[in-house]
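Chain naming here is simple, since letters A, B, ... match the order of the sequence lines and numbering starts at 1 in each.
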There are 2 protein chains.
Amino acid sequence: MPVPAEAGSEGTTVKQRSIPEASVARLAVYLRMLGELAEQGAETVSSDELAAATGVNPAKLRKDLSYIGSYGIRGVGYEISSLLHQLERALGLNHRQAVALVGVGNLGHALAGYGGFGGRGFPVTALFDVDPDLVGIHINGILVDHIRAIPEVCAERAITIGVIATPAQAAQGACDLLVESGVRCILNFAPVVLQVPGEVEVRKVDLAVELQILAFHVARRHLTATADVVTEQMVNGHAVNGSGGAHS
Amino acid sequence: MPVPAEAGSEGTTVKQRSIPEASVARLAVYLRMLGELAEQGAETVSSDELAAATGVNPAKLRKDLSYIGSYGIRGVGYEISSLLHQLERALGLNHRQAVALVGVGNLGHALAGYGGFGGRGFPVTALFDVDPDLVGIHINGILVDHIRAIPEVCAERAITIGVIATPAQAAQGACDLLVESGVRCILNFAPVVLQVPGEVEVRKVDLAVELQILAFHVARRHLTATADVVTEQMVNGHAVNGSGGAHS
DNA sequence: AGTCGCTTGTGAAGACACGCACAAAGTTGC
DNA sequence: GCAACTTTGTGCGTGTCTTCACAAGCGACT
Ligand SMILES: NC(=O)c1ccc[n+]([C@@H]2O[C@H](COP(=O)([O-])OP(=O)(O)OC[C@H]3O[C@@H](n4cnc5c(N)ncnc54)[C@H](O)[C@@H]3O)[C@@H](O)[C@H]2O)c1
Ligand SMILES: NC(=O)c1ccc[n+]([C@@H]2O[C@H](COP(=O)([O-])OP(=O)(O)OC[C@H]3O[C@@H](n4cnc5c(N)ncnc54)[C@H](O)[C@@H]3O)[C@@H](O)[C@H]2O)c1
């Protein structure tokens, strides 16, 4: 099945019939590490090296990469610039995705001023709030608009991704506005479960939950440490994200 | 299962012999929703209601809850206050976990000032930075110390969880300091893979990765939308965390 | 008491993810 | 040109997570 020997459907019709969700998250991590390696002047990298650098099992890494095609050279490794380009294509980064941020409070300010988004192909091009003290000011060169301008501005600037950093009780309203305006992907920092139509995808970043997961492991660790004496702990190791998730 | 009273066999230790990682993340979400319901004065809740409110499959929710014991009443649902208490116990929230935050920049400021942590049993009780302009000031009533004070302060205030919000290149150093000081659980916001000894658990929150995952779905959506016409999209819906994803 | 309706808890099956291990395919050295 | 070595790509067994479906348990009503 995933052995379509035929290279027939190469360039145009992207054959990426379903990359596993878990793999997509890791591909993004490989992408960043490849960027760093490229900056350092490296030309090729082996799966073992890249796996060690990203904290992933080498076989898993190769399988992840195989979902986007066979761009490795046996006996050598992967050519970094080429792989980088293929990864960007596969992740949909060939055309920049404009991001709108709703709620410019403590967290929103930090996000708006963060260079790591624009630098990775996600320029924050719209900011919204309701606070009259905020509406009208510029942050990092971007004007803060009132949320009633969301439909207009989103259409005008071709917003594809919305980020919600409002208080919890305002999040659903902000979400509804974004969805009405055609936004189909939302990153939510408010601790609420957003109700959205089926075609809209929501990812939630919940920092309190992250801490609770850690606290759970602290507690468990403590229990096993006091109960069994020095029962060797699982060798495996890390948990991630996300996720990862995410967080782990 | 209707346990054979004898816990003798393998269960030498605690009965919570391993709650699946994915379930732990969701239990934290149920916990918050239960808190809200309790505030609203509700006394009981059924798995269907709670599942709808948290965006989870009802069967999955029941199975998650079954890992911490049988606290439901058939034909009725779950008594909220009782379930809340059991959840807190299972997640290790009976005793508060003190949190240290390293790196009080844009993001660190927002985190330090966030009431949602202390309110959920995770008081941020220590702040660290290297910037002379920051060391010595108070944020939200907490003094910012120099990172060289990490070992001393962590021991003194019984820190169990560390949060890293430094620039990427400083993250590993901050991590090492925390680990040396006995911290065994770390939440990392810097876009690097931390190297830690096996007994330390790291969760990473990587916002750029979150955006890239969304971008991937935008791209995919766009492809299928132009290729097939209105092919019915998957009904499932949301993705979480990460954990995830970990959480990820 | 008996019956009925509702909800939990879980067995079992399916879906998914992981990682080993190895053949295929390349490179290097002679 | 051939043999030795390196590294990719993947088939497959294993384990974890998800979901369905239903018996068992509980309360309410008659
Ligand atoms: N600050 C953190 O570190 C942190 C951490 C985790 C989660 N969060 C969550 O992120 C969200 C924002 O946190 P914060 O600390 O920035 O809060 P904040 O109160 O500092 O900022 C909220 C901002 O949203 C604006 N706002 C209020 N109602 C709005 C509406 N209807 N539409 C648009 N904007 C509106 C406010 O004017 C304010 O500027 C909260 O839901 C919080 O739970 C924050
Ligand atoms: N700001 C955001 O919205 C955002 C979003 C995602 C990820 N991040 C990540 O979080 C981290 C912090 O981001 P930021 O925007 O707050 O950066 P920032 O530059 O505003 O803050 C960094 C802080 O860390 C301090 N610092 C530097 N070296 C240190 C060291 N060795 N020990 C302790 N503290 C040190 C600095 O003095 C500064 O106060 C970065 O790694 C960034 O990539 C930030």
Side-chain angles (χ1 to χ4, degrees), chain A residues 1-5 7 17-27 30 43-52 55-80 82-83 86 234-246 248, chain B residues 1-3 17-27 30 43-52 55-80 82-83 86 234-248:
Chain A
M1 4 259 206
V3 195
R17 262 290 166 255
S18 77
I19 301 177
E21 192 65 25
S23 293
V24 174
R26 286 189 298 267
L27 288 175
Y30 308 151
E43 302 218 330
T44 64
V45 67
S46 70
S47 62
D48 277 31
E49 290 164 356
L50 191 54
V56 170
N57 178 300
K60 184 156 57 174
L61 182 144
R62 288 199 295 275
K63 184 154 290 187
D64 287 342
L65 291 181
S66 78
Y67 289 121
I68 66 168
S70 295
Y71 300 109
I73 308 162
R74 291 168 191 235
V76 176
Y78 299 86
E79 195 190 337
I80 292 180
S82 150
L83 184 57
Q86 292 301 335
M234 28 167 254
V235 268
N236 268 354
H238 345 282
V240 214
N241 180 356
S243 88
S248 330
Chain B
M1 60 175 71
V3 187
R17 184 72 356 230
S18 77
I19 303 178
E21 191 65 26
S23 293
V24 174
R26 286 189 298 267
L27 288 175
Y30 307 151
E43 302 217 330
T44 63
V45 67
S46 71
S47 62
D48 276 30
E49 289 164 357
L50 190 53
V56 169
N57 178 306
K60 184 154 58 174
L61 183 144
R62 288 199 297 275
K63 183 148 288 190
D64 287 342
L65 291 182
S66 77
Y67 290 121
I68 65 169
S70 294
Y71 301 107
I73 307 162
R74 291 168 191 236
V76 177
Y78 299 87
E79 195 191 337
I80 290 180
S82 149
L83 184 57
Q86 293 301 335
M234 29 167 255
V235 268
N236 270 354
H238 344 285
V240 212
N241 178 0
S243 336
H247 163 221
S248 148

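When rounded to the nearest whole Å, the span between CD1 of I68(A) and P of dT10(D) equals 12 Å. For the pair D64(A) CG and dG19(C) P, the computed distance is 10 Å after rounding to whole Å. What separates NZ of K60(A) from P of dG15(D) is a distance of 16 Å, to the nearest Å. As rounded to whole Å, 15 Å separates atom P of dT27(C) from atom OH of Y78(A). One interatomic measurement links the two molecules: CD of E49(B) to C1' of dT7(C), which rounds to 11 Å at whole-angstrom precision. Atom CZ of R62(A) and atom P of dC20(C) are 10 Å apart (whole Å). If you measure from atom CG of L65(B) to atom P of dT7(C), you get 16 Å, rounded to the nearest angstrom.
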The contact string for nucleotides 25-30 of chain D, one letter per nucleotide 5' to 3', using protein heavy atoms under 4.0 Å with B, S and - for base, sugar-phosphate only and none, comes out as BBS---
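In this structure, the separation between OG on S46(A) and CG on L61(A) is 9.5 Å, given to the nearest 0.5 Å. D64(A) CG to S66(A) OG: the interatomic distance, rounded to the nearest 0.5 Å, is 7.5 Å. The distance from the CZ atom of R26(A) to the NZ atom of K63(A) is 11.0 Å, given to the nearest 0.5 Å. A distance of 5.5 Å separates CD1 in I68(B) from CG in L83(B), rounded to the nearest 0.5 Å.
Taking 4.5 Å as the limit, some side-chain heavy atom of Y30(B) sits within range of a side-chain heavy atom of V56(B). Within the 4.5 Å cutoff, no side-chain heavy atoms of N57(B) are placed close to those of R62(B).
Relative to the axis of its first five pairs, the axis of the last five pairs of the helix from dA1(C)-dT30(D) to dC30(C)-dG1(D) sits at 0°, rounded to 10 degrees.
A side chain to side chain contact (heavy atoms under 4.5 Å, CB included) with Y78(A) is found for exactly one of L50(A), I73(A), L65(A), namely L65(A).
Under 3.5 Å, the side chain of K63(B) and the base of dT18(D) form no donor-acceptor pair of N or O atoms.
Checking dG9(D), dA21(C), dA17(C) against the side-chain heavy atoms of A59(A) singles out dA21(C) as nearest. The side chain of N57(B) lies closest to dT19(D), out of dA17(C), dC17(D), dT19(D).
If you find the closest nucleotide of DNA chain C to S46(B) and to R26(A), the one lying nearer the 5' end belongs to S46(B).
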